[in-house]
Amino acid sequence: MSRVSHPILIHVIEDNEWYNRLLVHSIESNPDYQVKSFFAAKEFLSALKTQTPDIVTIDFQLPDMNGLELLKEIKAIKPETEIIIISEQQDIQTVVEFFRLGVYDYLVKEKDIRNKLLNTIGHILKKRSLEQQVQSLTREVSKKYNTRSEDAMIGKSPALQRVRELIDKASGTTINVIITGETGTGKEVVAKSIHYGSQRATKPFVAVNVAAIPSELIESELFGHEKGAFTGATTRRIGRFEEANGGTLFLDEIGEMDIAVQAKLLRALQEKEITRIGDNKKIKIDCRILVATHRNLQQEITQGRFREDLYYRLVGLPIELPPLRDRGKDILLLANKFIATFCQENGLKTKQLSQEAEKKLTAYSFPGNIRELKSIVELATVLSNTEQISADDIKLSTTDTLAEIIGDEITLREYSIRIVKNYLQRYNNDVKQVAEKLDIGVATIYRMLKEADDSN
Amino acid sequence: MSNVLKSYDPVAVQLIGDGDKAFLREMLELFIRNTNTSLQGLTTAVEKRNFSLAASLSHKMRGPVNHLGAEKLSASLKRLEDLCVQPTVNPNDVVPLLQQTQQQCDQLIHELSSDWNIAK
């Protein structure tokens, strides 16, 4: 067990002088523990007004009060105090009642009481230490995702400022939130900011990427399953709803959810209870649901791919994340932050972007948004041989940056053909989809391609 | 020290001190003193037919007695406690048991004093 920074205050309440002395001596064998002994309950309760012991050991039969009564009084005054009952053998009902009222342990007065008591105290302190670690980590994470923190959401563009305001509104209430935006715009970061800014911050944040889980497994992932519920279910598994109990469940890419699972999700949200696969027992759930999608859900409803009733159950405050290309100078703020972090993590000297590199970055359309920017600048940092990152170090995943496209002196028709060809490449030569995206007719595309072919 | 026919468990007694001889001595002295006092209280309570007090005293005496591994005395105290908590207590059952308990206590104190060189 790790040593603690302050002495642990332990109160011993035992009216038998011999036993009192034995317990005090046993506890005092550890110099980290400070002991105060009492021979009656009222004497102890009076001291409790001014002192806050970490742990209290109480004998069941005290001259002025029995253990159960005293236990209730302590829990009412100082609920955080851990209590150990040390007593002669009691009947099982009394022992069950002790635990129901929140005692940490029940020890019988036997020859090995010294070791048992020191072990129990050790367990309590270990548990406390873990609780403190969890609190500290939660505080750190909350700070990281605080919308006012510069590290949480980098950028000064008006579009991002608007997102920050909406996150604050979402955190301060229990309203449902739908986060939309292109891939890589930071939908999960927004969901975490809402969670860690809300009253549920100390409870779990559980994220599920619906698109990443095969449709036949998503139900088990969300609701859990019992052993033997289906082939391969060798053990019982709790689902993400139960995991997020008291906290927030973030369903990313909800638009990809199978329509049959949507019905089960709707029922879970309406009833606020779930049933594990292979079980009939209903389990109450208490978690806030945040969803995100890159799709237009209303369009999905029209096309029969998303349930309208589920949409209205989820809809609340829409937060639309701007694509990186619309965030102006945020691109450079983010790039510099990613470079600095990467250099720090890899023990490199901090590098700066050259003016040409900055121009190249700001001219690019970033279809993969922030995620893409991060990988581009990290690669550039590695490729750069000096303290300055040049334009050549910036390797864009496609060569069609706006700067490069308009750099060539060609006609508008030729530009149009390039655009069409690029889209065809992006959408696997699906002419119909490209026509929809570019808002032109399918025939126009074929005509342009033919013209391009003829001119070649 | 031989542990043949002892009314207590010398190994259990050593455990109380956990290597601290001064503390063990202090605990044995305290045990002898408190047992004498408790026995007097127990006798008076039975004489005055205050059986709930007798039950409580018997119960309290058992903790330290168990630690010394004095099993027969512990069993007598348990029977005494059980008798005294009955709704109707027959003094004819209690008195002989009390006498037996007193004898066992005297025996234990004698052995402890002699084995550990402690004044009674």
Side-chain angles (χ1 to χ4, degrees), chain A residues 12-31 33 35 37-41 43 57-70 84-91 93-95 106-122, chain B residues 8-39 41-42 45 52-71 73-75 77-78 80-82 84-85 105 108-109 112 118:
Chain A
V12 170
I13 311 149
E14 168 63 65
D15 65 323
N16 183 308
E17 189 188 4
W18 190 91
Y19 224 95
N20 192 310
R21 183 73 189 101
L22 180 73
L23 295 178
V24 169
H25 184 266
S26 300
I27 298 169
E28 279 177 342
S29 65
N30 185 324
Y33 304 158
V35 192
S37 79
F38 299 88
F39 292 87
E43 178 197 1
T57 78
I58 58 182
D59 177 32
F60 181 69
Q61 281 197 351
L62 290 164
D64 50 351
M65 197 181 271
N66 82 30
L68 283 173
E69 290 165 344
L70 180 56
I84 304 168
I85 303 281
I86 300 177
S87 170
E88 301 294 339
Q89 193 80 49
Q90 300 297 333
D91 62 276
Q93 278 175 328
T94 309
V95 177
Y106 164 75
L107 304 177
V108 178
K109 287 179 176 172
E110 287 173 338
K111 289 174 202 168
D112 57 349
I113 188 72
R114 174 199 293 269
N115 291 337
K116 282 185 177 167
L117 177 59
L118 292 176
N119 276 344
T120 300
I121 293 170
Chain B
Y8 69 96
D9 177 0
V11 177
V13 171
Q14 295 277 12
L15 268 179
I16 295 168
D18 195 32
D20 183 342
K21 284 182 183 171
F23 176 66
L24 174 58
R25 188 172 184 80
E26 177 195 335
M27 290 304 281
L28 291 176
E29 284 171 352
L30 190 56
F31 174 80
I32 291 170
R33 193 167 65 241
N34 282 357
T35 303
N36 282 329
T37 310
S38 298
L39 261 183
L42 191 56
S52 65
L53 177 62
S56 170
L57 285 169
S58 306
H59 179 86
K60 285 289 169 191
M61 285 173 76
R62 272 185 70 225
V65 165
N66 285 341
H67 266 266
L68 298 172
E71 287 170 10
L73 175 56
S74 174
L77 287 165
K78 177 80 174 88
L80 200 53
E81 182 188 348
D82 290 346
C84 291
V85 292
C105 278
L108 176 60
I109 289 169
L112 289 173
I118 291 165

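Just so it is clear: chains get the letters A, B, ... in the order the sequence lines come, proteins before strands, and each one is counted from 1.
- In terms of heavy-atom pairs under 4.5 Å with chain A, the best-connected choice from B/Arg33, B/Glu26, B/Met61 is B/Glu26.
- With a 4.5 angstrom heavy-atom cutoff, B/Asp20 touches chain A only via side-chain atoms.
- Residue contact with chain A, scored on non-hydrogen atoms closer than 4.5 Å, involves the backbone and the side chain of B/Asn66 alike.
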Would B/Val85 and B/Ser52 satisfy side-chain contact (heavy atoms from CB on, under 4.5 Å), going step by step from the backbone distance to the final call?
CA-CA 6 Å; B/Val85 292; B/Ser52 65; over 6 Å; no
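- Only the side chain of B/Phe23 comes within contact range of chain A, with heavy atoms under 4.5 Å apart.
- Using modelled atom types and a 3.5 Å distance limit, the side chains of B/Asn34 and B/Thr37 yield no donor-acceptor pair.
- Pairing each heavy atom of A/His25 with each of A/Arg114, the nearest pair is ND1-NH2, 3.9 Å.
- Remark: the A/Ser87 side chain and the A/Asp59 side chain contain no N/O donor-acceptor pair separated by less than 3.5 Å.
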